[in-house]
Amino acid sequence: MKKSPAELRQDFVRNVQLRHLRAFVAVAQERHLARAAERLALSQPAVSKTLSELEAVVGTRLVERSQAGRRGVQGLTPAGEQLLAHALRVLEAMDASAQAVAPAAGGRIERLRIGALPSVAPALLPVALARLREGWPAVQILVKSAANAVLLDELRAGELDLVVGRMSDPRLMGGLSFELLHTEPLVFAVRAGHPLALKPAPVQAVLDYPLVVYGEGTIPRHNTESFLSARGLALPRNALQTLDVAVARALVGVSDAVWITPLGAARSELADGRLVRLPIETTGTEEPVGLLQRSEAEPSPLRAAMAGLLREAAKAQGALPARKGTTPRTTG
């Protein structure tokens with residue numbers, strides 16, 4: 001006889017233990033049974049058995065196993081995605097409770113894991129991180145720079161505490177909140193003394209020089225291609241593609257390459273004259289940059305402090321006042 005929803009909820013409350021949730025979260029984050037087992041200091045069969053027990057209690061599959069091998073995990077089912085958000089919140093609450101009861105026991109180190117887009121990190125993170133260190137000298141800070149989709153996946157899985165990035169497809173925004181920090185346009189940046197910087201030239205003239213652009217699937221790349229297409233132009237196939245802003249800056253500084261980038265990634269170099277912004281009108285290429293967090297995450301004074309410092313950093317740049325947003329403009 002099939003159990004009612006009320007009976008399934010009672011079974012869950014009675015039978016699910018913390019070891020089930022810890023194993024499930026480890027598998028969801030590692031995407032591999034063997035790595036999850038190593039992280040939990042358990043055997044792989046033990047982790048697999050614990051996961052199966054949890055799925056039996058829930059009454060549905062939570063993890064999609066890889067077809068290539070028993071150790072791999074393709075991802076979470078819709079039910080698994082829903083449970084992950086709650087499981088993370090439960091484990092965070094348990095850790096916070098343990099810290100409150102015995103803050104000195106075990107020497108637990110407070111940690112903040114920040115994700116940031118390569119094009120955004122240079123403009124907003126340095127000052128905010130320096131000020132955070134002044135107020136929280138003992139905290140362990142980890143910063144990861146990656147494409148937006150990767151950062152959102154890791155934020156949702158609890159591997160990052162907050163992300164400075166962009167909104168995405170609504171399907172990727174489930175369980176996440178977005179707070180606008182500022183908007184930034186594309187700019188065409190070159191070295192001082194570049195031939196195109198000496199006198200005004202049409203956009204088409206840029207295509208006569210090597211180009212440095214962002215990788216496929218990113219919002220800056222999408223905006224670059226749309227900007228050129230609207231003027232009857234196309235991005236050359238030999239354009240150098242990179243998410244590494246340090247490489248892009250260095251290459252542009254020693255060559256005649258033109259870097260098409262969001263303003264924030266080149267703001268410092270443009271301000272001190274190391275790079276020059278070509279007089280090309282890019283109105284309409286502005287994209288929102290904001291703070292993303294898990295909607296159901298346990299409140300954290302450290303995370304709140306960092307969020308406040310990022311808001312201040314955005315305002316100091318003359319950016320738009322922070323406000324909340326809910327509708328994405330594009331995907332990437």
Under a 4.5 Å side-chain heavy-atom rule over Ile, Leu, Val, Met, Phe, Trp and Tyr, are L243 and V212 clustered together? yes
On the ring face of F227, is R231 found with NZ or CZ under 6.0 Å from the centre and within 45° of the axis? yes
I'd like to know if [X] and [Y] make a salt bridge, using a cut-off of under 4.0 Å between side-chain N and carboxylate O.
X    : Y    : result
R131 : E312 : yes
R166 : E287 : no
R311 : E179 : yes
R113 : E159 : no
R191 : E269 : no

Minimum-distance pair of heavy atoms, taken over all atoms of L275 and A189: CD1-CB, 4.3 Å
Can you see which heavy atom on I219 is nearest to which on M167, and at what distance? CD1-O, 4.0 Å
Applying side-chain contact (heavy atoms from CB on, under 4.5 Å) between P262 and each of N223, L186, L117, report the one that passes. L186
Pick one: which of Q82, E55, E64 meets side-chain contact (heavy atoms from CB on, under 4.5 Å) with T77? E64
Are Y214 and H222 close enough that their ring centres sit under 6.0 Å apart? no
Backbone of V139 reached by a side-chain donor or acceptor of R133 within 3.5 Å: yes
Student check: side-chain heavy atoms of W259 and V190 closer than 4.5 Å: no
Contacts of type ring pair (Phe, Tyr, Trp, His ring centres under 6.0 Å), residue H20, not counting sequence neighbours: none
